[in-house]
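All heavy atoms count here, side chains included; hydrogens, waters and symmetry mates do not. We name chains A, B, ... by the order of the sequence lines, and we start the count at 1 in each one.
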Amino acid sequence: MSRERKYAMIIDTKRCVGCSACVYACKTENNIPEGFCRDWVVSITKGTFPNLTMQNKSERCQHCEDAPCVSNCPTEASYYPGDGTVQINRDLCTGCKACMAACPYDARYIHPEGFADKCSFCSHRIEAGMETTACTQVCPTSCLTLVDLNSNDGKAEALMKGRDVKVDKAHAGTKPKLYWLK
Amino acid sequence: MNHPISDSGPTRRDFIKISSGLLASSTVLGAIPLNQLFEQEVYAMVADKIVPTVCELCFWRCGVDAHVKDGQVFKLTGQQDHPLSNGKLCPRGTGGHGLLYDPNRLKTPLIRETVDGVSRFREASWDEAITLIASKFDKIRDEDGLEKVALFSHGFGASFFKRLFKAYGIHNFTAPSYAQCRGAREDAFKLTFGHAVGSPEGLDIAQSKYLVLIGSHLGENMHNTAVQDFANAVANGCEIIAVDPRFSVAAGKAKKWLPIKPGTDLALIRSLIHVMVNEELYNRSFVKENCIGLDALKAGVADATPESTYAITGISPDDIREVARDLGRFGSSALVHPGRHVSWYGDDTQRSRAIAILNALLGNYRQPGGFIHQTKKYGVPNPYKFAVNKEGFKKFHSRFPLASQIPSNEVLEETIKGNFKAWFVYGTNLPQTLGDQKTTIEAMKKLDFLVAVDVLPMEITGYADVVLPEVTYLERYDDLDDRTYRKPYVAIRQPAVAPLKNLNAKPGHEIAAMLAEKWGLKGLFPPIEEYLDKRLRAAGTDLMTMKTKGVMVKEDNTIYRQPGEPLHFKTPSGKIELASAKLSSLGFDAVPQYTKHPENPPGYYRLIYGRVPMHTFGRTSNNRFLGELMPENEVWLNKITGLDLGLKNNEYVHLINQDGKKSVSKVRLKLTERIRPDVVYMAHGFGQNDPRLEFAYRRGASANEMISNLTVDPIMGGTGFKNNFITFSR
Amino acid sequence: MIEIVTNKLNPQVLPHLHVWGWEVPIYLFCGGLAAGLLIISSGILITRNEANFSYTVRLSALLSPIVLSVGMFFLFLDLAYKAHVWRFYTAFVLTSPMSWGSWLLMVFYPLAILQVVLLYKDKLEKYTFLTPIIDFFMPMKKHIAFLNVHIGSGIGVYTGVLLATFYARPLWSNSVLGIVFLLSGMSSATALMMWMAPPIKKRFYATMDMYLLSLEALAITALIIGGITGPENNHSAMMELITGAYAPWFWIVTILGGIVVPLFIETRESMGKVHFSPITPALVLIGGFSLRFIIVYAGQASPTFF
Ligand SMILES: Nc1nc2c(c(=O)[nH]1)N[C@H]1C(S)=C(S)[C@@H](COP(=O)(O)OP(=O)(O)OC[C@H]3O[C@@H](n4cnc5c(=O)[nH]c(N)nc54)[C@H](O)[C@@H]3O)O[C@H]1N2
Ligand SMILES: Nc1nc2c(c(=O)[nH]1)N[C@H]1C(S)=C(S)[C@@H](COP(=O)(O)OP(=O)(O)OC[C@H]3O[C@@H](n4cnc5c(=O)[nH]c(N)nc54)[C@H](O)[C@@H]3O)O[C@H]1N2
Ligand code: SF4
Ligand code: SF4
Ligand code: SF4
Ligand code: SF4
Ligand code: SF4
Ligand SMILES: [Mo]
């Protein structure tokens, strides 16, 4: 019995150029139908000409520790597999959309086939023993890193060391697991 | 709808929008529509084979792995070992299947025919099309001589046609990647350092401690490895100075954004040089040892004080001094990026010269964080000796004294004068690429014969007499890619899938071989696999190995200068020429001087343009997969300016330029803080105007269409695109 | 100045959440109405002399499961994966109101229908197979009614709690919403009965509805104040409802037409000043209906907080 994992993603917005390769890579990796996406890019520009700042963010499901999508799912279709991620069992999903109403990050969509869908942290790749997710792999600026917070490889610490680390909408109380390096 | 000849002069070459029935067929010729392809499986698909090959979505040529299931490419990922990919891709590279399965792809050879005064295409067999081309060229050879033929090309696949034409006796080769792209930069660096910057650029961005970007919008300019290096620089705390009228993505990462008045960059660079030489901030030993013309340089920039420059550029004297002093402080670990698309204002050789000089003063030549040497090749010998036939060929003499290639725009002029009778166009969409559409079209109409080899019914094909459909890069072999990016490598492009059954398209090497055969040129095109295998064996490997590995890489320890290693430069003086005797001997400034460019006419805004991450010019504009995130371009205008004009964010407007040229289609307006009040910005490549491109047709507006004024570089013939001005109409 | 640009595609969350259309408000309305009807029927059974209310006590009991079934049908229509509807009953999730709701219905139907059977005893004599059941449960009639009052209230509250637990949707995440929907459901049911009831009973229902509407008005006031005084997000969401695009609809149709006007008329009816008009119940029903619509729509439109 191997130890329990706790996957999270650390995203270095200083590196991100907002190119969307991560979005395209996800679409081909996970067969996302036309018109939908599991990840997306938000570009935030603040200030007035010529005093401006810009931040690019590649967003996706936050794999919350206290996930309202799970607690509000009437069928246990949304669940915690125990590796720190939140997954969806399509065979149990009724398409009732309670999870979508519950998600403070609007991270989900209803697949044309009827089930709710969202970022899986590419569980199928991890299970197949691959290093990391499709978006992380493709990213030309290497600003996405999938980490296991339970491991002692020191990866997460190294990335966060001396950086200003943020999470989105902390007050939603869902304990999100995308960590943003400013 | 067809085009009656009568209303457009005595030429057969009207733009064929749709020839009867062809649009209909070209819609059904659609290979599997994307959504169908991707919704066949709701879970991630597992490839039954992974084929390493080389990307052609742009000209960087990364190594990609094509993931194939049931004979279909469903995913493209970056090759781990390829020096240009490192396992990663830019957004465009992930979307190659969007081209492969584009339902609008060219289906079969087309021949223009004129039936009772109406010019239209009819579908033809390969043999008929090839025979026609062969005989036409023979006729021109016999009547006018082959110097009356020009090959326009862009893209890796062109190599076979160059081989063919050299053997046949055509040597006038031109490409928009010269006079419309990096030509001025390369010639300027040859004048200064004795060699070009080259592509992929030999820049040690990743190690750089201080990086000055003059226009170069890395991050939007998505050359995969360049962006990887840029991100590493940012992460390593490299201080970035972004000189750009627009708050580019790179500017968003910069310590300092200098929103320069467009067109005044040369003035700014001269002033940086001025401060560096006058405050002796330059690398003394390096300059003493390796450069000539310091005094001439000092005298040549004497007038470029930060104060006088402020009035021209709008960049404050303090900023100029700060940047110059920081450059001095960081010295050889600082880098002033030479840019890539430099055909801006017609003074581009001199501006690039000034950048070269600035780098010389830093002494960053072959130093970590500066310029690096990428001359060492992997070295794949060519055991074949292909015939070259120059007999009786009168070499083309450019009217531009230092043009190292034939400027495409000069070929247009000469065509209009009647000095070119036929063009063979491979992989370049001239009507959307050369600016000044009027001249481009006039030249094409003047031609006796125009052949276009393309994958899509792009605008150029609408002007052709014969259109030859090539298969995409995912369906074909090309020659070996033997280049260097820090490390010398050789990579192979091979078919990931067989050519689509429902199309009658062929790989470039087969097309060239068919022509060779018609012309009775023997031994030019051995079977492609045999050819590749023989070359690879000469390099100590073989085709089988390469088909599985995709790429072979060597080490190179010469990219940096060894301590004490003497430097020799292939310039007339053998040294780095801060002042160029060659230029002055030709009547140009030995030291770059700033000349004023036209100002905005009242009520008009200077049109500047650039790249967007998910598209390559127009070549991806019909790619439904890539288009999903950006189906059209937008025109940027400063928010305050826009509101004062009573314009609304996101409203669609027509563009009208200084010559009264009105954009064919409307374009969405983006009112933003991210741009100077006196310019408008748009991504190049949209507003494609051929209805056979059912997705791209008139989505967004074409910047090229608005560029009716070219400011030609007198030194090498580059076409400055940025002296054009826009106003809006609803 | 802030410019936010995104290339997100998912239409169901852009520009804001809109996963629930007209089906869900109809379901919520029917749910509330059915709950109200069951409560009325059972309440009367417990507190009043049945013979006295023989008509409405039976009618309300009969209508309740029917109305709820109509509601359920619309809920079914809303499911994106209809073939998996049965999955609601392969799990019970403590934290999911929707799960509670589904199971509550499992209790509702048998008991509500049992009540109908007991009340319509005389009409059912020819179905002899029912006789043993009827004879067995008849003595417990009031106990069953007592249970049904609670089940009814449960369902009434559920229709509001379902939304109230969505912390991500500031307009909904308001503890009073359950009570508002319950009271609205009860007043709707009462209004319906007032309509159906024989003339002599109308005044009774008018009076009862008068009290219910007043309570509902109070609850809605609490809802609004709770929103306004709540944290930034809840505040702006509530302001959006009462001053924004939905305001006219909310104030005129729901509050004025659905509560104030009928309340006024009913007061006078209960004092015998005017005699009964079918307009009153119609207004109350429309008001209750529009309340569900407006809350469901405005609730999705109010953006997830930043
Ligand atoms: N995604 C993507 N990437 C590409 C390409 C593509 O098509 N798509 N094309 C590739 C090719 S072939 C080339 S040549 C390169 C070109 O890429 P670059 O050489 O980086 O492009 P530039 O010509 O520098 O022009 C773009 C930038 O210059 C700024 N600019 C405009 N006018 C001025 C001016 O007067 N002064 C200054 N300082 N800045 C100005 C614009 O605001 C914009 O930010 O991109 C390559 N990369
Ligand atoms: N107005 C304006 N003009 C410009 C520029 C600009 O920014 N603005 N940029 C300049 C620069 S930097 C450059 S490098 C040039 C680029 O100029 P082009 O190379 O002409 O630009 P593309 O739009 O890529 O045109 C490529 C053509 O090749 C076709 N093609 C794609 N793949 C294949 C293939 O595998 N085989 C064949 N046979 N054809 C193929 C495409 O369908 C398209 O018709 O444009 C220059 N011109
Ligand atoms: S691929 Fe990487 S750099 Fe590009 S948008 Fe996604 S995260 Fe940002
Ligand atoms: S982000 Fe949304 S979908 Fe993802 S776990 Fe959190 S609540 Fe669930
Ligand atoms: S839509 Fe599916 S996953 Fe979401 S709550 Fe309903 S059943 Fe659960
Ligand atoms: S982790 Fe996988 S599923 Fe999630 S966004 Fe990235 S690629 Fe898509
Ligand atoms: S940079 Fe992008 S488009 Fe160009 S070759 Fe590489 S992956 Fe392909
Ligand atoms: Mo270029």
Cys37(A) versus chain C, heavy atoms under 4.5 Å apart: side chain, backbone, both or neither?
both
Looking only at heavy atoms, the pair that brings Tyr81(C) and Phe115(A) closest together is CD1-N, 3.6 Å
Distance in Å, Lys27(A) NZ paired with Leu9(C) CG, rounded so as to fall on 0.5 Å steps:
5.0 Å
Using a 3.5 Å distance criterion without hydrogens, assess whether the side chain of Trp20(C) forms a donor-acceptor pair with backbone atoms of Ala98(A).
no
I'd like to know if the side chain of Arg169(C) and the backbone of Cys103(A) have a donor-acceptor N/O pair within less than 3.5 Å.
yes
Under 4.5 Å from any heavy atom of chain C - which part of Cys96(A):
both
Residues Cys93(A) and His84(C): closest non-hydrogen pair is O-ND1, 2.8 Å
If you count heavy-atom pairs under 4.5 Å between each of Asp168(A), Thr45(A), Asn56(A), Leu52(A) and chain C, which one has the most?
Thr45(A)
Within the supplied structure, the quantity of interest is the number of heavy atoms (other residues, nucleotides, ligands) at a distance under 6.0 Å from Asp164(A) CG; does it exceed 12?
yes
How close do Gly35(A) and Pro11(C) get, heavy atom to heavy atom, and via which atoms?
O-CD, 3.4 Å
Would you give the length of the straight line joining atom NZ of Lys46(A) to atom CD1 of Ile4(C), rounded to the nearest 0.5 angstrom?
8.0 Å
Closest approach of Asn10(C) to Arg108(A) (non-hydrogen atoms, all atoms of both residues)
ND2-O, 4.2 Å
Mind checking the NZ-OG1 spacing from Lys57(A) to Thr6(C)? Nearest 0.5 Å is all I need.
10.5 Å
Greatest number of heavy atom pairs closer than 4.5 Å to chain A - which of Gly101(C), Pro97(C), Ala91(C):
Ala91(C)
Rounded to the nearest 0.5 Å, what's the gap from OG1 on Thr95(C) to CG on Asn72(A)? Could you check?
7.0 Å
Taking Asp39(A), Val42(A), Thr48(A), Val23(A) one by one, which has the highest count of heavy-atom pairs under 4.5 Å against chain C?
Val42(A)
If I measure from the heavy atoms of chain A, does Trp172(C) come under 4.5 Å with its side chain, its backbone, both, or neither?
side chain
Within the side chain of Thr75(A), is there an N or O that forms a donor-acceptor pair under 3.5 Å with the backbone of Phe88(C)?
no
How about Val85(C) and Thr94(A): do any of their side-chain heavy atoms sit closer than 4.5 Å?
no
Before giving the answer on side-chain contact (heavy atoms from CB on, under 4.5 Å), spell out for Lys8(C) and Asp106(A) the whole-Å C-alpha distance, their side-chain angles and the decisive distance to 0.1 Å.
CA-CA 10 Å; Lys8(C) 195 175 186 176; Asp106(A) 286 339; 3.7 Å; yes
Do Val24(C) and Lys97(A) come within less than 4.5 Å of each other through their side chains, counting heavy atoms only?
no
Nearest-0.5 Å distance, SG of residue Cys99(A) to CZ of residue Phe166(C)
8.5 Å
Give the member of Gln12(C), Met1(C), Gln300(C) that has the highest number of heavy-atom pairs under 4.5 Å with chain A.
Gln12(C)
Would you mind reporting whether Val93(C) and Glu76(A) have side-chain heavy atoms less than 4.5 Å apart?
yes
Might you confirm whether atom OH of Tyr89(C) has over 12 heavy atoms from other residues, nucleotides or ligands at distances under 6.0 Å?
yes
Could you give me the CA-CA distance, side-chain angles and deciding distance for Trp40(A) and Asn7(C), then say whether side-chain contact (heavy atoms from CB on, under 4.5 Å) is met?
CA-CA 6 Å; Trp40(A) 58 92; Asn7(C) 56 16; 3.8 Å; yes
Just do the side-chain contact (heavy atoms from CB on, under 4.5 Å) check on Arg87(C) and Asn89(A) with the steps written out, would you?
CA-CA 12 Å; Arg87(C) 285 301 191 179; Asn89(A) 180 343; over 6 Å; no
How close do Ala168(C) and Ala101(A) get, counting heavy atoms only, and between which atoms?
CB-O, 3.7 Å
Using a 4.5 angstrom heavy-atom cutoff, name the option from Val70(A), Ile44(A), Thr174(A), Ile110(A) with the most pairs to chain C.
Ile110(A)
Counting only heavy atoms closer than 4.5 Å, note whether Trp86(C) contacts chain A via side chain, backbone, both or neither.
neither
